[in-house]
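Atoms considered below: every heavy atom in the structure, side chains included; atoms not considered: hydrogens, waters and symmetry mates.
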Amino acid sequence: MLRFQWPASLKEKIKPLFFGMKAAIYGQFQQPVSIQKVPDPTPSPNAVVIKVEATGLCLSDWHGWMGHDPDIVLPNVPGHELAGIIVAVGTSVKKWKPGQRVTVPFVGGCGKCEQCRSDNQQVCDHQFQPGFTAWGSFAQFVEIKYADENIVAIPDDMDFVSAASLGCRFITAYRAVRDQGNLRSDQFIAIHGCGGVGLSAIQIARALGAIVIAIDRTEEKCSLARELGADFTINANTTKVVEAVQELSKGGVHLSINALGHAGSCINSLESLRKRGRHVQVGLMTGAHAKPEIPMSLIIAKELELVGSHGMQAHGYPAMFNLMQSAGIDVSKMVKKTISLEQVPEY
């Protein structure tokens, strides 16, 4: 009887794909997350499987865990800000192969619907979102569908943690400021909320030559905002935000980004604009903040624009990488702590 022996090097590479992986998973909304052994993903025809080397923790993950997203089917593995190495590809994938270092937008387009055909995969009619419409990246491996439409190669000089930190915060900020916000050099921008998206927006706006006013409720966040390039900071706990922004910008900002899901900051953002200014809403607004009382009379009188922004398409990454390189933006400065997969339930 003939017996085949796998070469040791190959056996080590394929072993994780057959014997189950570890994942952080929850079976009910607002209930504890635990580390469990679950089946390894196998790629459907249009998908790839990625070995997760780094993944970010986002407020959107909390919204999912709370039950705010109707697309989540329980049990669920969260995680949508990821970077890693392709280990398997589906039969219809043409652009990618095992061994490539990649990341992915948190919204994946199908490539076929009206939105995708107009290059707006971020609002695809049949969108794929790891951690929401399918199991996500709080695991050793993750399947990413519509791979040819959505996978992004990581620059050779970028590490996995930095690539994962682009994740939804930096790419969302980039598109909100540059594409949806249409920010130009020497314009004033106000950024409400100095979390991941807000701090990213500060760096992007500075790279574009704008004058940046950052607003937050803690001095720690204001200090970090100044460190990352804000020209002015406003502590919303001690200062009247709208009056301060109007004074610093000599009559109102050209662009205001609301990176918070808060009705108060949304109204402050609108009221801080100069005539024909633009408000871009990025922060998710849920619960009591879902339906703020928008001052429509102000929008009409000043001809203001109110624009939404939802992630970024894969085809937008090269321009973003170019700006990061030319401006010397180092996203690792926003990473304060890393933990292991086994530690996820503690957070």
Side-chain angles (χ1 to χ4, degrees), residues 105-107 118-123 166-216 225 228-234 241-242 245-246 248-262 265-285 292 294-295 298-299 302-313 315-324 326-327 329 331 334:
F106 73 89
V107 176
S118 66
D119 285 338
N120 287 298
Q121 292 87 349
Q122 80 286 351
V123 288
L166 297 174
C168 90
R169 65 204 78 183
F170 197 88
I171 65 168
T172 296
Y174 177 84
R175 185 165 173 274
V177 171
R178 184 156 195 171
D179 298 335
Q180 298 295 82
N182 195 28
L183 183 68
R184 300 190 300 275
S185 61
D186 299 324
Q187 289 188 331
F188 282 94
I189 178 175
I191 297 167
H192 299 258
C194 296
V197 172
L199 293 173
S200 299
I202 289 167
Q203 297 173 84
I204 293 160
R206 283 292 295 165
L208 294 174
I211 304 164
V212 182
I213 303 170
I215 302 102
D216 203 275
L228 292 177
D231 296 283
F232 306 100
T233 59
I234 297 170
V241 172
V242 175
V245 172
Q246 293 275 358
L248 289 169
S249 61
K250 302 176 176 59
V253 293
H254 301 84
L255 174 64
S256 190
I257 303 288
N258 185 21
L260 293 172
H262 194 282
S265 61
C266 177
I267 303 306
N268 283 345
S269 175
L270 286 164
E271 293 182 347
S272 298
L273 292 169
R274 67 177 58 205
K275 290 180 178 179
R276 298 183 61 78
R278 178 174 291 189
H279 162 96
V280 179
Q281 183 63 40
V282 179
L284 296 176
M285 305 189 73
I294 302 298
L298 182 68
I299 291 174
K302 288 190 172 184
E303 291 193 350
L304 304 180
E305 294 184 58
L306 196 163
V307 181
S309 192
H310 187 237
M312 189 175 79
Q313 318 92 314
H315 64 72
Y317 276 70
M320 180 186 71
F321 287 143
N322 288 338
L323 179 70
M324 291 174 66
S326 64
I329 294 176
V331 291
M334 295 191 294

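With sequence neighbours excluded, the residues that form a side-chain contact (heavy atoms from CB on, under 4.5 Å) with L284 are S60, H63. With sequence neighbours excluded, the residues satisfying side-chain contact (heavy atoms from CB on, under 4.5 Å) with F232 are I211, I213, L248. The side chain to side chain donor-acceptor pair (under 3.5 Å) test applied to N120 returns S118, Q122, not counting sequence neighbours. With sequence neighbours excluded, no residue forms a salt bridge (Lys or Arg N to Asp or Glu O under 4.0 Å) with R175. Legend: residues meeting side-chain contact (heavy atoms from CB on, under 4.5 Å) with P318, ordered by chain and number and at least two apart, are absent. Applying the side chain to side chain donor-acceptor pair (under 3.5 Å) rule to T233 yields the partners R226; only residues at least two apart in sequence or on another chain are considered. In this view, A176 and I257, V280, V282, S309 satisfy the side-chain contact (heavy atoms from CB on, under 4.5 Å) rule, not counting sequence neighbours.
Considering CG of L270 and NE2 of H279, their distance stands at 5.0 Å, rounded to 0.5 Å.
Side chain of N268 to main chain of V241: no donor-acceptor pair is present (N/O by atom type, distance under 3.5 Å, no hydrogens or angles). Listed for the H315 side chain is a donor-acceptor partner under 3.5 Å among the backbone atoms of D119. Counting only distance, with no hydrogens or angles, the side chain of K302 and the backbone of L273 share a donor-acceptor pair below 3.5 Å.
Heavy-atom minimum distance, G196 versus M334: O-SD, 4.1 Å. The nearest pair of heavy atoms linking G193 to A259 is O-CB, 3.9 Å. What you find for L255 and G181 is that their closest heavy atoms are CD1-CA, 3.7 Å. Between G316 and Y174, the closest heavy-atom pair is O-CE2, 4.4 Å. Closest non-hydrogen pair, C168 versus F106, comes out as CB-CD2, 3.2 Å.
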The test is side chain to side chain contact (heavy atoms under 4.5 Å, CB included); show your working for R184 and N182 and say whether it passes. CA-CA 6 Å; R184 300 190 300 275; N182 195 28; 4.0 Å; yes

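Side chains of V212 and F188 form no contact here, defined as non-hydrogen atoms less than 4.5 Å apart. The shortest side-chain heavy-atom distance between V245 and I215 falls under the 4.5 Å cut-off. The shortest distance between side-chain heavy atoms of C266 and I294 falls below 4.5 Å. Within the 4.5 Å cutoff, side-chain heavy atoms of L166 are placed close to those of F321. V107 is listed as a side-chain neighbour of H310, based on a closest heavy-atom distance under 4.5 Å.
For residues 186-198, no pair satisfies salt bridge (charged side-chain N to carboxylate O under 4.0 Å, His left out), with sequence neighbours left out. Under the salt bridge (charged side-chain N to carboxylate O under 4.0 Å, His left out) criterion, the residue pairs touching residues 304-313 are R278-E305, with sequence neighbours excluded. Among pairs with a residue in residues 267-277, those fulfilling salt bridge (charged side-chain N to carboxylate O under 4.0 Å, His left out) read R276-E303, at least two apart in sequence or across chains. For residues 196-206, the set of pairs meeting the salt bridge (charged side-chain N to carboxylate O under 4.0 Å, His left out) definition, not counting sequence neighbours, comprises R206-D231. Within the structure, side-chain hydrogen bond (donor to acceptor under 3.5 Å, both in side chains) pairs that include any residue of residues 252-262 comprise H192-S256, S256-S269, N258-S265, N258-Q281 (at least two apart or interchain).
Each of D216, I202, V253 was checked for a side chain to side chain contact (heavy atoms under 4.5 Å, CB included) with I191, and the lone residue meeting it is I202. Applying side chain to side chain contact (heavy atoms under 4.5 Å, CB included) to Q203 and the options L208, L323, L228 leaves one that passes, L228.
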